[in-house]
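To start, the structure under review is shown below, and the notes come after it.
Because the structure is predicted, anything quoted here is derived from the model rather than measured. The first residue in the sequence is number 1, and the count goes up from there.
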Amino acid sequence: MKYLVLVFSLLFTALLFSQEQGSVMGTILDKEMNNEPMLFAHVQIKNTPISVQTNFHGNFEIAGIDPGNYTLLVSYLGYETLEIPISIEENKITQVNNELEAKKISLQDIARMQSVSEEPVYIAANSEKSP
């Protein structure tokens, strides 16, 4: 009888603390390189500390997300940042498959960078030798 009460109470508390959550998983590909997987792309749920990186196949998974509507941020150095709206449902997996595009640099941006680099730089040097 004692064991029956113990097992029942353990199951009851486990059910009390279990939360109905969902997850998001997907693949991030490189649009510029014929849909090759994006290695170590940063995937984050906007306005939360939850983030992961893609693996060698461009796959990622974030589990234990409370149901609701979120925005998924996908970023990689030299590529445009994606903002993907997602909806998380209880005990379901939301699939996200997307491609990242390389950032576009205009000639005006290059001219602006060149004009900044042509500004004179003044360096003060101390020629005294210490003993």
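Considering all non-hydrogen atoms of both residues, Leu29 and Pro37 come closest at CD2-CA, 3.9 Å. Nearest heavy-atom pair across Glu61 and Val52 is O-CG1, 3.9 Å.
Distance CD1/Ile65 to OG/Ser23: 6.5 Å, rounded to 0.5 Å. Note that the CD1 atom of Ile28 and the CG atom of Leu82 stand 7.0 Å from one another [nearest 0.5 Å]. Expressed to the nearest 0.5 Å, how far CD of Gln53 lies from CG of Asn59 amounts to 14.0 Å.
Listed for the Thr54 side chain is a donor-acceptor partner under 3.5 Å among the backbone atoms of Met38. In terms of modelled atom types and a separation under 3.5 Å, the side chain of Thr81 and the main chain of Ser75 share no donor-acceptor contact. Proximity of a side-chain donor or acceptor of Thr27 to a complementary backbone N or O of Gly58 within less than 3.5 Å is not detected.
Side-chain contact check for Tyr79 versus Lys31: every heavy-atom pair is 4.5 Å or farther apart. Between Asp66 and Ile88 there is no side-chain heavy-atom pair separated by less than 4.5 Å. Within the 4.5 Å cutoff, side-chain heavy atoms of Val96 are placed close to those of Ile86.
Remark: the Asp30 side chain and the Tyr76 side chain contain no N/O donor-acceptor pair separated by less than 3.5 Å.
Salt bridge absent: Lys103 and Glu80 never bring a charged side-chain N and a carboxylate O closer than 4.0 Å.
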